[in-house]
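The analysis underlying the following values was restricted to heavy atoms, covering all of them including side chains, and did not include hydrogens, waters or symmetry mates. Not measured: the values here are computed from a predicted model.
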Amino acid sequence: MLSPDDKMLGKLDPFYRSSVSKQKTSAEIISEARNALRTVRTQRPFTPQEAQRKLFGPASSRTSENRPPSSFSLHASSFESSDSRPISGARLSPLELVESSCVARLECSGAISAYCNHCLLGSSDSPASASRAAGTTGAHHHTQKPKVPASPTREEDSCFSFPKPPVDPAKIRRISSARARLFRAASQGALLPDRSLPPSDSKKTVESKETVMMGDSVVKINGIYLTKSNAICHLKSHPLQLTYDGGFSEIKEQEMFKGTTSLPSHLKSGGDQGKRHARASSRPSSSDLSRLQTKAVPKADLQEKDAEVEVDEVFWNTRIVPILRELEKEENIETVCAACTQLHHALEEGNMLGNKFKRRSILLKTLCKLVDVGSDLLSLKLAKIILALKVSRKNLLNVCKLIFKISRNEKNDSLIQNDSILESLLEVLRSEDLESNMEAFLYCMGSIKFISGNPGFLNEMISKGAVEILINLINQINENTEKCGTCLPNSGHLLVQVTATLRNLVDSPLVRTKFLSISALPQLCTAMEQYMGDKDVCTNIARIFSKLTSYRDCCAALAGYSRCYALFLHLINKYQKKQDLVVRVVFILGNLTAKNNQAREQFSKEKGSIQTLLSLFQTFHQLDLHSQKPAGQRGEQHRAQRPPSEAEDVLIKLTRVLANIAIHPGVGPVLAANPGIVGLLLTTLEYKSLDDCEELVINATATINNLSYYQVKNSIIQDKKLYIAELLLKLLVSNNMDGILEAVRVFGNLSQDRDVCDFIVQNNVHRFMMALLDAQHQDICFSACGVLLNLTVDKDKRVILKEGGGIKKLVDCLRDFGPTDWQLACLVCKTLWNFSENITNASSCFGNEDTNTLLLLLSSFLDEELALDGSFDPDLKNYHKLHWETEFKPVAQQLLNRIQRHHTFLEPLPIPSF
C-alpha cells in the first residue's frame with residue numbers, strides 16, 4: 001500500500017515512454033538513443049571507383065551490342081571539310097539584270113564568257129558542252145580558242161568597275177546562264193585547297209581581282225601566272241584562290257548577287273583613292289532589287305559593310321595567315337601547340353569565332369589535318385578552337401569524341417584543366433540542340449563525367465554552372481519523353497552520363513544547396529519514373545538520393561515529394577533481385593523514415609508497402625541462408641570482422657526501415673502482429689551471431705525492441721516473449737557492448753510482463769543488470785536501471801536489490817550521472833521508491849551509509865540553483881530544466897520526504913559540493 005503522501009506515484013509508469021514533445025530541440029535529440037522507440041543508423045552503400053574510364057562501367061546492365069562504344073578510331077578524314085548545310089542541287093533561275101563584277105568582266109568579252117562556262121562546268125572539249133555553256137540553242141562548235149583582249153590600262157579600268165547592261169536580249173540570257181552555271185560549279189566544287197601556295201608562286205603585278213588573260217601559253221588569274229593547262233585545272237578545282245600575300249579569295253554567293261566588289265587591301269593600296277571608292281560603290285538599282293525580292297540597302301550601310309570586310313581581310317592576312325603557315329609546317333609539337341594558342345587568341349581578338357566567319361572552312365580543314373599528329377595536348381587545343389567555331393552535325397560529334405578519348409586517361413586531367421576544355425564542353429550542352437546532337441551530347445557528357453570524378457574540377461564545375469546545365473538537360477529529356485510518349489534513341493545512354501556526373505558532384509555542400517534551390521529532386525524522380533526500365537539510370541539516381549538523404553535538409557525535401565514512395569516501391573518490386581539497386585533504394589527509405597513521422601505514415605499508406613518489404617526480406621533471407629557455411633566449416637577466419645555480404649547488406653538496410661516505421665503508432669502494432677515479419681526477425685537472431693554480422697543482428701534486435709513496445713493483444717512479440725528472452729541471452733554474454741545494450745533495451749520492454757520477470761530471476765539476468773550499473777556508460781546504466789525498476793514492481797523480487805550491492809550501485813549512479821542526466825536520476829529514484837514501499841526504518845532499508853548519502857544528494861539536487869548551475873548552452877539548459885521539473889523533481893521530493901520521516905539524525909549532515 002502507498003502512503004497518502006505518495007498517491008501521486010500510485011501508478012508506476014512503464015520503463016519506456018513515447019515522447020510527449022511535439023517539436024524536438026537539439027538537446028532532446030540526445031535522449032533519442034534511450035527511448036523505447038528508436039531509429040536505427042547504418043552506413044551508406046559503398047560504390048567502388050571504376051578502374052577504367054568508360055561510358056558504361058562493368059556493372060552496367062547494357063551489353064556491348066546495345067551501347068555506344070567507349071573505344072574507337074578517329075582520324076582527320078573523320079571530319080568534314082565543310083561544315084555548311086548539304087547542297088540542295090536546285091538550279092538557280094537566271095537573272096535578267098546582273099551587275100556583279102564577275103559577270104561584268106564576262107560581258108566585256110564573249111570569248112571569256114564561253115571559256116569560263118566551258119572550264120568551270122568541268123566539261124570536256126566537246127562542242128556540245130561548249131554550246132550549252134554559251135547558252136545557245138544551235139549546233140555551233142567551239143572550235144577556236146578564245147582570244148583575250150589586251151590588258152586594260154589604269155584609265156580603262158573603269159569599264160570593268162562600271163559595266164553597262166547589254167542591249168541584246170540574247171546576250172543577256174547568255175550572260176545570265178553563264179553566271180548561274182558559274183555559281184553552280186563553285187558551289188559543288190572543291191571549296192578547300194589542300195594547302196596554301198607559297199608566295200614565290202605568285203606575281204606581285206596585279207591589274208584587277210578577277211582578270212583572266214589567256215595568250216598562247218600564259219594565263220593570269222588573280223595576279224598568278226599559270227600555263228594554259230594549269231589555268232583550266234585551277235579554275236576547276238580552286239574557286240578559293242590564294243592571294244598574293246597568302247590570303248584566300250572566295251567566290252561567294254553574296255558577291256554574285258551584289259553589285260559591290262571588295263578588293264584585297266594590297267590591291268587597294270595602289271591607284272587613285274577616288275577610283276577605288278568608285279569601284280566599290282557600284283550596286284544594283286532599286287527596280288533590280290525589287291525583282292530579287294530584297295530590301296533596298298542604303299549606300300552608307302554598304303560602304304560601312306565594305307569597310308568591315310576590308311578590315312577583316314587585313315586582319316586575316318596579317319594575323320591569321322602567318323599562323324596557318326606555321327601550323328602547316330608541323331615542325332614540332334611545342335611549336336604547333338603554341339601556334340594553336342596564338343590562333344585562338346587572334347580569332348577571338350578579330351571576332352572571327354562562331355559559324356559566321358567566311359573563311360571558317362579553311363580554318364577547319366587546316367585544324368582537322370593536325371588531328372592525325374596524335375598528340376593529346378595538341379588535340380585538346382585543336383578541339384577547343386573547333387568547338388569555338390561552332391561546328392555542327394558530324395564535326396561536332398567527332399570533336400566530342402576526340403575530347404572523350406583524351407579524357408579517358410586520368411593523366412590528361414591536368415591538360416584538360418589547363419586549357420579550360422570544361423567550359424567548351426558545357427557550352428555545347430548549353431547552346432546546341434539536344435535532339436539533333438544526341439550522340440555528340442553523349443560523348444560530351446562522357447568527358448564531363450570522367451573529369452567530375454577528379455576533386456580538382458569540383459569548384460570549377462560549380463562556378464561555371466554545371467549543376468544548372470545538367471539539371472536543365474534532364475528537364476529537356478523529361479519533356480521530350482513526355483511529349484513523344486516514348487524515350488528518344490540514345491536518351492537513356494545520355495541520361496546515364498548526366499546522372500553519374502551529378503552523383504560525383506553532390507558531395508559538395510554548394511551543390512546540395514543548388515539542388516534544393518532549383519528543385520532538382522522532383523526532376524530526378526520524374527526521370528527515374530520515365531526510365532523505370534533502364535536499370536543503369538535508376539541505379540545512378542538512387543546513388544544520388546542515397547547521398548543527398550544523408551543530410552537533413554535534402555532528406556526533408558525528398559520526403560515532401562509524395563510520389564517518391566510509390567516510385568521506390570515500384571523499383572523494389574521490379575528489381576527485387578538486383579542487389580546494387582535495391583540496397584540503395586532501401587537505404588533511402590531508411591533515411592526518409594528516420595526523422596520524419598509524416599514520411600513513416602505516407603510510406604505505410606502506399607498500397608502493398610508492408611507486403612513489398614516482407615517479400616524483399618524473404619528473398620534476401622533465402623539468399624543469405626544459401627550462402628552460409630555450416631558452423632563447423634567457418635573457422636577462425638570467418639569469425640574475424642568482415643564486411644557484410646550483398647544479401648546481408650540488404651537485410652541490414654531493410655531491418656532499419658522496419659525499425660523506423662515501427663515508431664509510428666499506427667504502423668508499429670501492425671508490424672508487431674505480422675507473423676511473417678516477426679518470424680523473419682527471430683530467424684535472423686537464430687542463425688546469425690554478432691561474429692557473423694554484427695550490424696544485422698543489432699538492427700534485428702532494435703526492430704524487435706520497437707515492436708515489443710506495443711502491448712497489443714494480437715502481438716506476435718507478446719506471444720513469443722519467452723522465446724525472445726532466450727535468444728537475447730547470447731547477446732548478453734557477448735563482448736559486444738552495442739549488442740548488450742540492445743538486448744537490455746528489449747528486456748526493459750519485455751520485463752513489464754510477470755512471466756519475463758520470472759525468467760530474468762531464474763536465469764540470474766538481474767545480477768547481470770546490476771553489474772551493468774558499474775559501467776561508465778549512461779545509456780547502459782539507464783537501460784539496466786529500467787529492467788531493475790520493472791522487477792521491483794513485484795514485491796517478491798525487491799529483495800534482489802540487496803544482492804551484489806544493488807542499492808549502493810544505484811546510489812552511485814545517482815551521484816555520478818544525476819547533474820547531467822535527470823532522466824537516469826529519475827529512474828534511480830523510482831527504483832528506490834518501489835524498493836522502500838514497506839519501509840519502517842531508513843537505515844535498515846537502505847543501510848546507514850547509503851541513507852546519509854541519499855539525504856545529501858536529494859537535498860542538493862532538489863535545489864534548483866545548485867541542480868541547474870551547469871555550463872550548458874541555452875538550448876541544452878532548457879532541456880535539462882524540462883526533465884528536472886517534470887520527471888526528477890516530483891519523484892525525488894517524495895523519496896526524500898519518505899526517508900526523512902523514517903530516519904533518525906544522529907548528527908548534522910554536511911552539504912556536499914558539486
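- The shortest side-chain heavy-atom distance between Gln579 and Leu623 does not fall under the 4.5 Å cut-off.
- A distance of 6.5 Å separates CG in Leu429 from CD1 in Ile469, rounded to the nearest 0.5 Å.
- Between Phe404 and Phe450, the ring planes are tilted. Angles from 30° to 60° get that label.
- Of the possible polar contacts, one joining the Arg600 side chain to the Thr593 backbone as a donor-acceptor pair under 3.5 Å is found.
- The minimum heavy-atom distance linking Cys555 with Asn591 is given by the pair SG-O, 3.2 Å.
- Ser715 contributes no side-chain N or O that, together with a main-chain N or O of Gln711, makes up a donor-acceptor pair within less than 3.5 Å.
- Between Cys564 and Leu592, some side-chain heavy-atom pair lies under the 4.5 Å cut-off.
- Residues Glu646 and Val583 have side chains not in contact (no heavy-atom distance under 4.5 Å, counting atoms from C-beta outward).
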Problem set entry | Cys538 and Leu571: CA distance, side-chain angles, deciding distance, side-chain contact (heavy atoms from CB on, under 4.5 Å) verdict | CA-CA 8 Å; Cys538 294; Leu571 281 172; 3.8 Å; yes

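- Using modelled atom types, one side-chain atom of Ser609 and one backbone atom of Phe603 make a donor-acceptor pair closer than 3.5 Å.
- In this structure, the ring of Phe545 has its center no less than 6.0 angstrom from the ring center of Phe587.
- For the atom pair Leu824 CG and Phe782 CZ, the distance stands at 7.0 Å (nearest 0.5 Å).
- Here the closest non-hydrogen pair linking Asp779 and Leu741 is O-CD1, 3.8 Å.
- The backbone N or O of Ile780 sits nowhere less than 3.5 Å from a side-chain atom of Ser783 that would complete a donor-acceptor pair.
- Residues Lys688 and Thr684 meet the side-chain proximity criterion, which asks for heavy atoms closer than 4.5 Å.
- How far CG of Asn454 is from OG of Ser407: 12.0 Å, rounded to the nearest 0.5 Å.
- Residues Leu682 and Ile716 are not in side-chain contact: their nearest non-hydrogen atoms beyond the backbone lie 4.5 Å or more apart.
- Side-chain N or O atoms of Asn790 include one that pairs as donor or acceptor with a backbone N or O of Gly748 at under 3.5 Å.
- Met528 and Ala542 get closest at one heavy-atom pair: CE-N, 3.7 Å.
- Within the 4.5 Å cutoff, the side chain of Ile544 has no heavy atoms near those of the Asn540 side chain.
- Asp624 contributes no side-chain N or O that, together with a main-chain N or O of Glu648, makes up a donor-acceptor pair within less than 3.5 Å.
- Across every non-hydrogen atom of Cys525 and Tyr561, the tightest pair is CB-CE2, 3.4 Å.
- Between Ser447 and Leu425, the shortest heavy-atom distance links the atoms CB-CD1, 3.9 Å.
- Judged by distance alone, the side chains of Arg745 and Asn706 never bring a donor and an acceptor atom under 3.5 Å apart.
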For this session: Determine, step by step, whether Lys653 and Asp649 satisfy the salt bridge (Lys or Arg N to Asp or Glu O under 4.0 Å) criterion, reporting the C-alpha distance in whole Å, the side-chain angles of both residues, the deciding distance to 0.1 Å, and the verdict.
Result: CA-CA 6 Å; Lys653 272 63 176 178; Asp649 204 15; 2.6 Å; yes

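- Shortest non-hydrogen contact noted between Val787 and Ser751 is CA-OG, 4.2 Å.
- Atom-to-atom distance recorded for Arg656:CZ and Thr703:OG1 is 11.0 Å, nearest 0.5 angstrom.
- Shown here is Gln598, whose CD atom has no more than 12 heavy atoms of other residues, nucleotides or ligands within 6.0 Å.
- Interatomic distance, Asn490 CG to Asn437 CG, rounded to the nearest 0.5 Å: 12.0 Å.
- The main-chain N or O of Ala559 is found under 3.5 Å from a side-chain atom of Tyr565 such that the two form a donor-acceptor pair.
- Lys464 places none of its side-chain heavy atoms less than 4.5 Å from the side chain of Phe457.
- Inter-residue side-chain proximity for Lys514 and Ile462 is flagged as met; some heavy-atom pair is nearer than 4.5 Å.
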Exercise. Can you list the steps and then say if Leu680 with Leu614 is a side-chain contact (heavy atoms from CB on, under 4.5 Å)?
Worked result: CA-CA 9 Å; Leu680 287 171; Leu614 176 59; 3.7 Å; yes

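- Of the possible donor and acceptor atoms, one in the side chain of Tyr710 sits under 3.5 Å from a partner among the backbone N and O of Ala662.
- Note: Arg563 CZ to Thr526 OG1 = 5.5 Å, rounded to the nearest 0.5 Å.
- For Glu460, the CD atom is densely surrounded, since the number of other residues' heavy atoms within 6.0 Å is greater than 12.
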For this session: Before giving the answer on side-chain contact (heavy atoms from CB on, under 4.5 Å), spell out for Lys595 and Arg552 the whole-Å C-alpha distance, their side-chain angles and the decisive distance to 0.1 Å.
Result: CA-CA 9 Å; Lys595 302 295 182 183; Arg552 185 179 294 271; 4.2 Å; yes

For this session: Before giving the answer on salt bridge (Lys or Arg N to Asp or Glu O under 4.0 Å), spell out for Asp580 and Lys535 the whole-Å C-alpha distance, their side-chain angles and the decisive distance to 0.1 Å.
Result: CA-CA 10 Å; Asp580 57 336; Lys535 177 180 172 293; 2.8 Å; yes

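- A donor-acceptor distance shorter than 3.5 angstrom exists from the side chain of Asn478 to the backbone of Gln523, with no hydrogens or angles considered.
- A donor-acceptor pair shorter than 3.5 Å can be found between the side chains of Asp692 and Ser689.
- Annotation: Lys605, atom NZ; neighbour count of heavy atoms from other residues, nucleotides and ligands within 6.0 Å does not exceed 12.
- Although no hydrogens or angles enter the test, the distance criterion places a donor-acceptor pair under 3.5 Å between the side chain of Arg512 and the main chain of Asp507.
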For this session: Take Asn504 and Leu458, measure what side-chain contact (heavy atoms from CB on, under 4.5 Å) needs, and give me the verdict at the end.
Result: CA-CA 9 Å; Asn504 292 335; Leu458 182 60; over 6 Å; no

